[in-house]
Amino acid sequence: MAEPVHRGRDVEAKRVETSWGVMRWVAGGEVGNAEGLTLGRVRIKAGQCNPRHCHRKCEEVLYLLKGRLEHTVGDERYALEAGDAITVPAGVFHNATVVGDEDAEMIVAFSSAERDFVLESEGSAG
């Protein structure tokens, strides 16, 4: 069995920096400590958005801790404020854009240890 405790220092060591923000994976296949889910914390910088993408084989739940987002799910748009949550079905393209001058901080959970990340620009979710 994998170590059940994932220390904050380990999360910081596995942080993924992008042009639009930072992802820190706490549990899942990428950090090797969970088999049936992925959990992480994501920050999107003010004025930025993450790329439109989908996860073909897992659902996603996003819980917004701080900031405001416009989140697209398929053809729909949703305004989110701190304390709001949104669910994204498997295979549906989506992304988030920060609204306002404050970075957005969120917790994200996926129903699989493997997120199966596919960019919309790379083709259909199939």
Exercise for the section: Mark yes or no for whether Thr38, through its side chain, and Ala113, through its backbone, hold a donor-acceptor pair below 3.5 Å. Expected result: yes
Taking all atoms of both residues into account, what is the closest heavy-atom pair of [X] and [Y], and its distance?
X     : Y      : value
Ala90 : Lys57  : CB-C, 4.2 Å
Val73 : Tyr78  : CB-CE1, 4.0 Å
Phe93 : Leu119 : CE2-C, 3.9 Å

To the closest 0.5 Å, what do you measure between [atom1] ([X]) and [atom2] ([Y])?
X     : Y      : atom1 : atom2 : result
Leu69 : Met106 : CG    : CE    : 4.5 Å
Glu81 : Leu64  : CD    : CG    : 9.0 Å
Asp84 : Tyr63  : CG    : OH    : 8.5 Å

Exercise for the section: Please answer: with hydrophobic residues joined when any side-chain heavy atoms are less than 4.5 Å apart, are Val99 and Leu65 in the same cluster? Expected result: no
Practice task
Please answer: with hydrophobic residues joined when any side-chain heavy atoms are less than 4.5 Å apart, are Trp20 and Val22 in the same cluster?
Solution key: no
Got [X] and [Y] here, is their nearest side-chain heavy-atom distance under 4.5 Å?
X      : Y      : answer
Leu62  : Leu80  : yes
Glu122 : Glu120 : no
Val92  : Cys54  : no

Show which side-chain atoms of residues 39-50 pair as donor or acceptor with protein atoms under 3.5 Å away, not counting sequence neighbours.
| from | atom 1 | to | atom 2 | distance (Å) |
| --- | --- | --- | --- | --- |
| Arg41 | NE | Glu105 | OE1 | 3.4 |
| Arg43 | NH1 | Asp103 | OD2 | 3.3 |
| Lys45 | NZ | Ser19 | O | 3.4 |
| Asn50 | OD1 | Ala96 | N | 2.7 |

Completion exercise
side chain to side chain donor-acceptor pair (under 3.5 Å) filter on Thr97, not counting sequence neighbours, yields none
Handout entry: Residue pairs involving residues 61-74 (criterion salt bridge (Lys or Arg N to Asp or Glu O under 4.0 Å); sequence neighbours excluded)
Key = Glu70-Arg77
Exercise for the section: Just grab all the side chain to side chain donor-acceptor pair (under 3.5 Å) pairs involving residues 107-116, residues at least two apart or on different chains. Expected result: Glu30-Arg115, Arg56-Asp116
Completion exercise
ring pair (Phe, Tyr, Trp, His ring centres under 6.0 Å) pairs touching residues 28-48, sequence neighbours excluded, are none
Practice task
State which residues pass salt bridge (charged side-chain N to carboxylate O under 4.0 Å, His left out) with Glu76; sequence neighbours excluded, sorted by chain then number.
Solution key: none
Problem - Partners passing side-chain contact (heavy atoms from CB on, under 4.5 Å) against Thr87 (at least two apart in sequence or in another chain) - result: Val61
Handout entry: Centroid-centroid distance, Phe110 to His55, less than 6.0 Å
Key = yes
Problem - Contacts of type ring pair (Phe, Tyr, Trp, His ring centres under 6.0 Å), residue His71, not counting sequence neighbours - result: His94
